[in-house]
Amino acid sequence: MIYFTSDTHFCHSNIINLCDRPFESVRHMNDSLIHNWNALVTERDEIYILGDFLFRGTGQDANQILRRLNGKKYLVRGNHDKFLDDPEFDASAFEWVKDYYELDYQKQKIVMFHYPILEWQGYFRDAIHLYGHVHNSGKDPEQRKRLSALGPRAVNVGVDVNRFFPISVNAVLKQAQK
């Protein structure tokens, strides 16, 4: 199975308040996100992380968390993935790290980028766009209005709008067909 996620912000204490996350502490958040991830993703599965995996943590922090997470991991870089530049970080934890990626899945093009984009490769041929970055800011009327312009084939895969779980490719395809 293929899964997607974004904006886990492991090690980021302030994200709990900024996004009204239901966690008592960073440790509680990290452990809950890891538990939810591993409840769905097996070692045989693939998971695409659309940025902001870790916030203000070190390469060692990233290594410790990544060792606890199931699946073959791919990272589409986000604006807070500074741990990648830390010489202590073990880059072999990811199959690859890219800024943008297009996946062909059962004749369906899926375009992945950390940020929501208005028009993407294959837009006029029913391609799906997966993004993160905006967390749950769709609660804000102005942000919701801007995001609605993306249409139904743009799907936010961030944890804040997916009950703090990764989302499966099947769920993405179903959501994009609404």
Side-chain angles (χ1 to χ4, degrees), residues 1-12 15 29-117 120-123 125 127-135 153-176:
M1 179 64 73
I2 296 174
Y3 291 91
F4 308 94
T5 194
S6 183
D7 299 284
T8 48
H9 278 250
F10 284 107
C11 301
H12 185 189
I15 200 71
M29 178 181 73
N30 287 354
D31 288 344
S32 296
L33 291 171
I34 290 166
H35 174 269
N36 292 353
W37 177 308
N38 290 337
L40 295 178
V41 180
T42 70
E43 286 300 328
R44 295 179 313 278
D45 294 328
E46 295 181 325
I47 182 159
Y48 293 85
I49 305 157
L50 274 62
D52 292 1
F53 175 74
L54 184 92
F55 184 85
R56 290 200 181 133
T58 65
Q60 287 291 355
D61 293 328
N63 295 339
Q64 290 173 1
I65 291 168
L66 285 161
R67 279 194 288 270
R68 294 177 61 192
L69 295 169
N70 291 339
K72 291 173 63 174
K73 300 163 206 68
Y74 304 84
L75 179 66
V76 175
R77 187 188 313 259
N79 56 306
H80 292 301
D81 292 318
K82 308 297 185 222
F83 68 93
L84 295 168
D85 299 324
D86 186 333
E88 298 287 316
F89 175 63
D90 178 10
S92 71
F94 293 115
E95 301 296 314
W96 50 248
V97 176
K98 298 182 179 195
D99 293 322
Y100 171 95
Y101 185 65
E102 295 177 10
L103 172 70
D104 289 311
Y105 177 77
Q106 298 180 353
K107 298 182 181 180
Q108 174 66 62
K109 182 181 286 295
I110 300 174
V111 173
M112 293 177 245
F113 191 52
H114 177 63
Y115 304 96
I117 48 182
W120 50 90
Q121 178 66 26
Y123 178 85
R125 289 186 167 79
I128 296 170
H129 167 44
L130 304 184
Y131 64 92
H133 185 67
V134 296
H135 295 268
R153 288 180 288 112
V155 178
N156 182 348
V157 298
V159 295
D160 294 292
V161 296
N162 288 293
R163 299 177 4 260
F164 306 100
F165 282 87
I167 182 171
S168 73
V169 67
N170 293 337
V172 163
L173 295 174
K174 186 175 182 181
Q175 187 172 337

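Being a predicted model, the structure only gives us computed values, none of them experimental. Side chains are part of it too, since the values below use all heavy atoms of this structure and drop only hydrogens, waters and symmetry mates.
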Would you compute the distance between atom [atom1] of [X] and atom [atom2] of [Y] and round it to the nearest 0.5 angstrom?
X      : Y      : atom1 : atom2 : result
Met1   : Glu46  : CE    : CD    : 11.5 Å
Thr8   : Leu54  : OG1   : CG    : 7.5 Å
Asp90  : Leu66  : CG    : CG    : 9.0 Å
Ile117 : Tyr123 : CD1   : OH    : 11.0 Å
Tyr105 : Ile128 : OH    : CD1   : 10.5 Å
Ile47  : Thr42  : CD1   : OG1   : 10.5 Å

I want to check something: taking the side chain as every heavy atom from C-beta on, are [X] and [Y] in contact at a cut-off of under 4.5 Å?
X      : Y      : value
Leu33  : Ile65  : no
Ile15  : Phe55  : no
Phe83  : Asn63  : no
His114 : Arg77  : no
Thr5   : Val159 : yes
Arg153 : His129 : no
Leu130 : Leu50  : yes
His9   : His80  : yes

Taking all non-hydrogen atoms of both residues into account, name the closest pair between [X] and [Y] and its distance.
X      : Y      : answer
Met29  : Cys11  : CE-N, 4.3 Å
Gly71  : Val41  : CA-CG1, 3.8 Å
Trp120 : Ala127 : NE1-O, 3.0 Å
Phe113 : Asp99  : CD1-O, 3.2 Å

Checking the side chain of [X] only, and the main-chain atoms of [Y] only, is there a donor and an acceptor separated by less than 3.5 Å?
X     : Y      : value
Asn36 : Phe164 : yes
Asp81 : Phe53  : yes
Arg56 : His12  : no
Trp37 : Asn70  : yes
Asn38 : Leu69  : no
Asn30 : Phe10  : no
Ser6  : Val157 : no
Lys82 : Asn79  : yes

Salt bridge (charged side-chain N to carboxylate O under 4.0 Å, His left out) partners for [X], two or more places apart:
X     : result
Glu88 : none
Asp85 : none
Asp86 : none
Lys73 : none

Only counting residues at least two apart or in another chain, list the ones meeting ring-ring contact (aromatic ring centres under 6.0 Å, His included) with Tyr3. none
Is the gap between the ring centers of Tyr48 and Tyr74 under 6.0 Å? yes
Run Val172 and Phe4 through side-chain contact (heavy atoms from CB on, under 4.5 Å) and show every step you take. CA-CA 9 Å; Val172 163; Phe4 308 94; 3.9 Å; yes
Inter- and intrachain pairs under side chain to side chain donor-acceptor pair (under 3.5 Å), touching residues 160-169, at least two apart: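 Sorted pair list: Arg21-Asp160, His135-Asp160.
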